K.L.:
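Structure in structure tokens, see below.
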Amino acid sequence: MTDNPLVASGTQSPVEHLRALAIDAFPERSALKSTPIGKSLVKGWSQLSDSSGLSPWELASGIGRILKIPVAENLEAADLNSARLIPEQLARSALVLPLNETGGELHVACAYPFIGGGVRRVRFASDRKLKLYIAPAQEIERAITLLYSKAAERQSLAVGSLLFSNEPSKSFEDGAVEESAVVRLAQGLILKAVEQGASDMHIQPFAGGGMVRIRVDGILRRLAFLPGPVVPALIRYIKANSAMDPTSDRIAQDGRVSAFINERDFDMRISVLPASRGERLVMRFLDQNRVYRLSASSFSIAELRAFRRMASNSSGILLLTGPTGSGKTSTLYSLLAELNRVSESIITVENPVEYRLNGISQVEINNKAGLTFAAALRSILRQDPDIILIGEIRDKETAEIAMQAAMTGHLVLSTLHTNDAITAIPRLLDLGIERSVLGEALIGVVSQRLLRRLCKKCRTPVTEPYRREELLFRQVTGEWPGFRSVGCEDCGKTGYAGRLPVTEIIENSPVLADAISSGVSLSKLREMKRGPLTSIAVTAALRVISGGTSVLEAVRVIGTRFWLATAAGFNRPPPSESTLIGPENEMAETSVCILVFARRMAQAEQIGKALEQEYLNGIQAEAPEGFKALLSDTPERCRELIEKNENTTLIVADITPGEGENAFDLLKKLRRDLAWAQLPALPIIRPEDQEVRQALETHGLGDYLIHPVTPEHIAARARAILKG
């Protein structure tokens with residue numbers, strides 16, 4: 001409870017209640033009774049001030065006198081450490097400004113100092129007793145912006161010093177650098193993502209702050225954890241520089257920005273989406289210096305020959321199918337690079353144009369302006385092209401124009417979203433294409449997936465004792481896998497580095513064309529597939545045998561159908577369903593792990609038990625799949641536990657030194673071993689360790705506990721941090 005709790009009575013809205021308090025405080029100001037006011041507290045304060053002729057601070061003083069609450073003074077002097085105790089989003093929605101913390105009591109300035117006005121949520125989030133002050137709403141809004149901007153700058157500087165060993169902005173184009181710590185942090189994160197070969201970077205609300213993850217070789221991995229005030233500041237900066245509205249956080253927005261990083265040109269496509277605890281941002285990196293060559297795309301010799309054979313046709317349509325991120329666009333660009341000659345006129349229509357290709361005319365769809373795929377294709381056909389690339393066939397009109405172009409002497413390349421190659425045929429028929437036209441115009445269909453390539457520096461040959469999936473692979477193919485994944489520093493301990501394509505290729509033939517025209521069923525069409533390239537599972541199995549990838553990676557991408565399809569392709573008896581092995585579960589068995597460190601393992605165990613009980617009481621709402629406390633009594637063991645449990649969300653660290661060491665040295669050891677993980681932390685320190693306390697506050701860790709404190713209190717605070 002607060003030391004001065006106020007509970008609003010009656011059914012009045014907060015603004016009407018505020019008016020009633022102002023009338024009690026200033027009965028001589030008759031205009032207060034008739035002033036029209038809306039529902040917004042900010043506007044309400046302003047309207048009451050204007051109509052009464054009182055300054056906002058005079059109005060606050062009078063209302064405070066009625067409520068027996070002091071008026072807040074010097075809001076600009078709010079303590080930066082207090083910003084960690086209340087998320088910025090909550091501070092803004094409740095119009096509550098954290099001022100400072102004294103003796104375990106948090107002093108806050110409120111525009112509406114009542115339990116129903118957001119005070120209860122603030123008290124829960126901070127896990128502190130509250131001392132309430134009153135201040136005008138508009139002044140609190142300005143002070144919140146100032147406080148959290150300063151906190152974001154300081155914490156951005158601290159996060160940047162941990163993440164980056166040198167000045168990140170030096171690798172950006174001259175003139176793009178500013179002095180702001182938030183700017184340097186944004187540039188540093190982008191640089192780090194590019195250096196690790198990321199295709200995307202995700203920033204999302206997480207455990208009272210924000211998690212930054214990057215997608216490398218199709219898999220998300222954690223890059224950093226950002227303290228709460230840093231996240232909105234970082235997202236606002238990125239939005240402001242990518243043609244989005246940085247002041248709007250309630251609508252989805254899309255933007256783009258170009259940058260010169262490490263001697264390479266990048267286009268970055270950015271999407272921002274409002275989420276329950278703040279905005280979520282995804283940035284896609286498009287390397288404009290990338291060179292597309294079919295021969296450098298890791299296709300097998302047989303696949304290359306099939307591609308070139310199909311692309312040698314002067315007319316007809318060649319389709320690539322597969323899910324998003326399966327490399328369809330890259331393969332089409334590689335084909336265009338081989339077809340791009342002075343004698344050929346090539347035009348593409350894309351949504352959007354991702355990579356700029358020299359010598360090729362590229363048209364970007366603009367639905368708002370009426371430039372749809374169909375409209376662009378009609379105009380393109382009047383431009384006398386030889387080759388046309390259509391980014392995607394998704395509707396009847398586009399499909400019909402594409403087929404018309406294929407039938408009138410143009411080579412058409414496009415993509416289609418289907419699960420396999422043969423399904424493209426009934427999909428186009430569903431879009432209204434006539435059977436006879438499809439049978440004549442279709443050149444072929446390629447279904448493509450990308451498998452992670454085993455790291456050549458750490459992979460190891462498959463030997464006894466054999467793993468379950470290796471034994472099952474031997475059963476369905478008659479062959480042993482070539483290598484196993486291990487993991488090393490070069491591949492980020494994943495066991496994989498880079499990706500390679502696997503395909504299912506169906507080339508049209510007179511027999512297949514007749515079958516399409518005569519209306520043969522899909523099951524009959526599947527039976528007509530012949531040859532080593534007509535099964536994506538068999539292609540993947542051959543990659544496993546040659547040592548390019550692992551069994552579990554093939555199962556991860558293709559699914560459990562890999563086993564039955566591979567057995568059929570190798571003419572082996574199908575395995576029983578009870579023996580099938582599903583995709584490797586790369587997540588831990590629990591959805592939330594909290595790392596607990598204490599020099600005395602008994603103390604760590606007590607905290608762990610309290611955390612598990614707290615999970616049953618409340619954390620379960622945030623972690624429905626389970627919870628686990630990871631216990632350690634050495635910094636080195638802490639690092640090992642985090643590396644093995646990527647879903648670790650919080651570090652609870654008791655900085656009570658062991659025999660023969662001091663607290664500050666212990667803190668330095670923990671920082672050295674755990675800073676890389678960039679996880680939120682809840683330190684517990686002794687009252688006499690002032691040097692430790694100063695170091696924590698310097699690095700933006702203003703949220704800590706001071707002994708004596710019970711394991712139950714620690715667990716409750718951990719729950720509040722997780723809830724954000």
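The model shown is predicted, which means the values in this text are computed figures rather than measured ones.
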K.L.:
Please test Asp50 against Ser46 for side chain to side chain contact (heavy atoms under 4.5 Å, CB included), starting from the C-alpha separation and ending with a verdict.
P.N.:
CA-CA 6 Å; Asp50 292 343; Ser46 179; 3.7 Å; yes
K.L.:
Assess the residue pair Phe260 and Phe266 against the criterion (ring-ring contact (aromatic ring centres under 6.0 Å, His included)); give the C-alpha distance rounded to whole Å, side-chain angles, the decisive distance to 0.1 Å, and a yes or no.
P.N.:
CA-CA 6 Å; Phe260 188 66; Phe266 281 88; 9.2 Å; no
K.L.:
Taking the side chain from Asn262 and the backbone from Leu191, do they hold a donor-acceptor pair closer than 3.5 Å?
P.N.:
no
K.L.:
Would you say Asp384 has more than 12 foreign heavy atoms packed within less than 6.0 Å of its CG?
P.N.:
no
K.L.:
I need the Leu442 CG to Glu507 CD distance, nearest 0.5 Å.
P.N.:
10.5 Å
K.L.:
Apply side-chain contact (heavy atoms from CB on, under 4.5 Å) to Ile443 and list each qualifying residue two or more places apart in sequence or on a separate chain.
P.N.:
Met310, Asn313, Leu411
K.L.:
Short question: side chain of Asn508, backbone of Gly444 - any donor-acceptor pair under 3.5 Å?
P.N.:
no
K.L.:
Would you name the heavy atoms of Val502 and Ala540 that are closest together and state the gap between them?
P.N.:
CG1-CA, 3.8 Å
K.L.:
Between the side chain of Gln288 and the main-chain N/O of Arg356, is any donor-acceptor distance below 3.5 Å?
P.N.:
yes
K.L.:
Test salt bridge (Lys or Arg N to Asp or Glu O under 4.0 Å) on Glu195 and Lys192; report intermediate values, then the result.
P.N.:
CA-CA 5 Å; Glu195 288 176 341; Lys192 206 172 181 86; over 6 Å; no
K.L.:
Does Arg236 have any salt bridge (Lys or Arg N to Asp or Glu O under 4.0 Å) partners at least two apart in sequence or in another chain, and if so, which?
P.N.:
Glu88
K.L.:
Could you walk me through whether Val212 and Met201 satisfy the side chain to side chain contact (heavy atoms under 4.5 Å, CB included) test, starting with their C-alpha distance in whole Å, then the side-chain angles of each, then the deciding distance to 0.1 Å, before giving a yes or no?
P.N.:
CA-CA 7 Å; Val212 182; Met201 182 169 71; 3.9 Å; yes
K.L.:
Dump the intermediate steps for salt bridge (Lys or Arg N to Asp or Glu O under 4.0 Å) on Arg453 and Glu553, then the final yes or no.
P.N.:
CA-CA 9 Å; Arg453 188 195 302 269; Glu553 174 65 7; over 6 Å; no
K.L.:
Mind checking whether Val412 and Leu318 have side chains closer than 4.5 Å, heavy atoms only?
P.N.:
no
K.L.:
Does the side chain of Arg449 come under 3.5 Å of the side chain of Thr503 through a donor N or O and an acceptor N or O?
P.N.:
no
K.L.:
Going by the salt bridge (Lys or Arg N to Asp or Glu O under 4.0 Å) test, name the single residue among Arg256, Arg290, Arg284 that passes it with Asp267.
P.N.:
Arg256
K.L.:
Verify side chain to side chain contact (heavy atoms under 4.5 Å, CB included) between Met407 and Val437, making sure each step is shown before the conclusion.
P.N.:
CA-CA 8 Å; Met407 293 286 289; Val437 172; 4.1 Å; yes
K.L.:
Minimum heavy-atom separation for Ile393 and Ala402, please, with both atom names.
P.N.:
CD1-CB, 4.1 Å
K.L.:
Can you check whether Asp200 reaches Met283 side chain to side chain, under 4.5 Å on heavy atoms?
P.N.:
no
K.L.:
Looking only at side chains, do Thr415 and His417 share a donor and an acceptor under 3.5 Å apart?
P.N.:
no
K.L.:
Quick check for you: to the nearest 0.5 Å, what is the distance between Ile346 atom CD1 and Ile360 atom CD1?
P.N.:
4.5 Å
K.L.:
For the pair Glu344 (side chain) and Arg341 (backbone), establish whether a donor and an acceptor sit closer than 3.5 Å, ignoring hydrogens and angles.
P.N.:
no
K.L.:
Can you tell me if CD on Glu440 sees more than 12 non-hydrogen neighbours from other groups inside 6.0 Å?
P.N.:
no
K.L.:
Can you find a pair of side-chain heavy atoms, one from Leu500 and one from Arg543, that are under 4.5 Å apart?
P.N.:
yes
K.L.:
Are the side chain of Trp45 and the backbone N or O of Gln138 linked by a donor-acceptor pair below 3.5 Å?
P.N.:
no
K.L.:
From Arg394 CZ over to Thr372 OG1, what is the distance, rounded to the nearest 0.5 angstrom?
P.N.:
11.0 Å
K.L.:
Is a donor on one side and an acceptor on the other found under 3.5 Å between the side chain of Ser242 and the backbone of Ile238?
P.N.:
yes
K.L.:
Would you say the side chain of Leu320 lies within less than 4.5 Å of the side chain of Val445, judging by non-hydrogen atoms?
P.N.:
no
K.L.:
Return yes if some donor-acceptor pair links the side-chain N/O of Thr145 with the main-chain N/O of Glu141 below 3.5 Å, else return no.
P.N.:
yes
K.L.:
Return the CD1 to OG1 distance between Ile380 and Thr348, rounded to the nearest 0.5 Å.
P.N.:
7.0 Å
K.L.:
Within the supplied structure, the quantity of interest is the number of heavy atoms (other residues, nucleotides, ligands) at a distance under 6.0 Å from Glu434 CD; does it exceed 12?
P.N.:
no
K.L.:
Nearest heavy-atom pair of Gly359 and Asn340: which atoms, and what distance?
P.N.:
O-OD1, 3.8 Å
K.L.:
If you compare all heavy atoms of Ile558 against all heavy atoms of Ala537, which two are closest, and at what distance to 0.1 Å?
P.N.:
CD1-CA, 4.0 Å
K.L.:
Let me see the working for Thr321 and Arg427 under side chain to side chain donor-acceptor pair (under 3.5 Å), right down to the final yes or no.
P.N.:
CA-CA 11 Å; Thr321 74; Arg427 170 67 176 147; over 6 Å; no
K.L.:
I'd like to know if the side chain of Lys43 reaches the main chain of Ile37, judged simply by a donor and an acceptor atom lying under 3.5 Å from each other, with no hydrogens or angles considered.
P.N.:
no
K.L.:
Is the shortest heavy-atom distance from the side chain of Lys328 to the side chain of Ser414 under 4.5 Å?
P.N.:
no
K.L.:
Please say which of Ile365, Asn367, Ile401 ends up in a side-chain contact (heavy atoms from CB on, under 4.5 Å) with Phe373.
P.N.:
Ile365
K.L.:
Calculate, to the nearest 0.5 Å, the distance between atoms CD and CG belonging to Glu364 and Asn351 respectively.
P.N.:
7.0 Å
K.L.:
Are side-chain heavy atoms of Ile390 and Leu377 found at a separation under 4.5 Å?
P.N.:
yes
K.L.:
Is any side-chain heavy atom of Val231 closer than 4.5 Å to one of Glu279?
P.N.:
no
K.L.:
What verdict does the side chain to side chain contact (heavy atoms under 4.5 Å, CB included) test give for Arg221 and Arg215, after you've listed the backbone C-alpha separation in whole Å, the side-chain angles of each residue and the deciding distance to 0.1 Å?
P.N.:
CA-CA 6 Å; Arg221 63 173 68 163; Arg215 190 178 296 280; over 6 Å; no
K.L.:
Ser330 side chain to Gly327 main-chain N or O, any donor-acceptor pair under 3.5 Å?
P.N.:
no
K.L.:
Within a strict 4.5 Å, meaning less than it, do heavy atoms of the Glu303 and Ser300 side chains meet?
P.N.:
yes
K.L.:
If I take atom CG from residue Asn289 and atom CZ from residue Arg264, how far apart are they, to the nearest 0.5 angstrom?
P.N.:
7.5 Å
K.L.:
Can you find a side-chain donor-acceptor pair between Thr331 and Gln448 that sits under 3.5 Å?
P.N.:
yes
K.L.:
Any donor-acceptor pair under 3.5 Å linking the side-chain atoms of Asp395 with those of Thr398?
P.N.:
yes
K.L.:
Closest heavy-atom contact between Met403 and Ile317?
P.N.:
CE-CG2, 3.9 Å
K.L.:
What pair of heavy atoms forms the shortest contact from Gly519 to Arg435, and how long is it?
P.N.:
CA-NH1, 3.3 Å
K.L.:
For Ser248, is there any backbone N or O sitting under 3.5 Å from a side-chain donor or acceptor partner on Gln253?
P.N.:
yes
